[in-house]
Amino acid sequence: MATIEDSYRHKGMRQQLVNTLRAGGFSDERVLAAINEVPRHVFLDSSFVEIAYSDQAFPIGSGQTISQPSTVAFQSYLLEVDRGMKVLEIGTGSGYQACVLAALGAKVFTIERQRNLYFKTKEILELLPYRVKCFLGDGFEGLPNYQPFDRVIITAGAPSLPPKLIEQMKPGGMMVIPMDNPQGEGQTMMRITKFEDGTLKRESFGDYKFVPMLTGTGND
Ligand code: SAH
């Protein structure tokens, strides 16, 4: 079986990345500790080690990207994950965000719609010690058999608030979702809190750019 290499050099580069995020004003120490722990280079081809530890998004094949570390940090911070929480992620992609959430103590359930990416990432995740369960499917449907979730995180640009995902949230639960801007490009990062009576609070946190959240499964 393949194993992963996480050398002192990798650890040093990771510490540098954490310093960069801190210098950029990010100060959630729990999230920084998780980023310091998860070997991001494992999620990219081995020739991209330098890139793995710079604060940038990067292509991971199938037309998709691994999110920029500062975006992963910010979404993880907004999600307010506590140990033992059940978290649903839409858009597994490389699996990196899922592992950061698992390093924060979450039980992560993650859905990817692209078959190739699903199989590739599942293999990588099997080499790592994190509690992440992968599903191939359409994130708009959520995971009815595993609901309810304490937290939902969407890592693709969503055209609207997916009703089934709201339904699958616990009362008191939160969703972090980049919502397509009605005019122009990109998304606004939103946090939705669901109250006991079913009402929703919406907060917005600035502009981001994600690949689109698409319906159905495929290889496109
Ligand atoms: N969280 C990822 C970033 C993923 S990029 C990481 O850490 O690397 C967004 C991913 O969402 C892509 O892989 C894309 O295929 C997937 N995606 C888009 N629409 C989806 C949907 N409806 N259901 C599940 N995955 C979806």
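Treat the numbers as computed from the prediction; the structure is a model and nothing was measured. Counting convention: from 1, in listed order, for ligands and their atoms alike.
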Write out the residue and atom name of the closest protein heavy atom to atom 5 (S) of ligand 1, then the distance separating them to 0.1 Å. Thr65 O, 3.2 Å

Is Lys86 positioned over the aromatic face of Phe149, cation under 6.0 angstrom from the ring centre and no more than 45 degrees off axis? yes

Which is it for Ala98 and ligand 1 at heavy atoms under 4.0 Å: side chain, backbone, both or neither? neither

Closest to atom 1 (N) of ligand 1 (heavy atoms only, candidates Gly137, Gly93, Gly91) is Gly91

Checking contacts here: is it the side chain or the backbone of Thr215 that comes within 4.0 Å of ligand 1, counting heavy atoms only? Could be both or neither. neither

Proximal candidate to atom 21 (C) of ligand 1 [heavy atom criterion; set Thr121, Leu214, Leu44]: Leu214

Backbone, side chain, both or neither: what part of Glu112 comes under 4.0 angstrom of ligand 1, heavy atoms only? both

Could you work out, for atom 25 (N) of ligand 1, the closest of Arg113, Gln114, Arg40 by heavy-atom distance? Arg113

Out of all atoms in ligand 1, which are within 4.0 Å of some heavy atom of Ser94? Include the element for each. 6 (C), 7 (O), 8 (O)

Honestly, for Val72 the part within reach of ligand 1 (heavy atoms, under 4.0 Å) is neither

In terms of atom number and element, which parts of ligand 1 are under 4.0 angstrom from non-hydrogen atoms of Met213? 18 (C), 19 (N), 22 (N)

Yes or no: does Thr92 have any heavy atom under 4.0 Å from an atom of ligand 1? yes

Any side-chain heavy atom of Leu165 within less than 4.5 Å of one from Leu88? yes

Using a 4.0 Å cut-off to any heavy atom of Pro212, which atoms of ligand 1 qualify? 18 (C), 19 (N)

Out of all atoms in ligand 1, which are within 4.0 Å of some heavy atom of Gly139? Include the element for each. 21 (C), 22 (N), 23 (N), 24 (C)

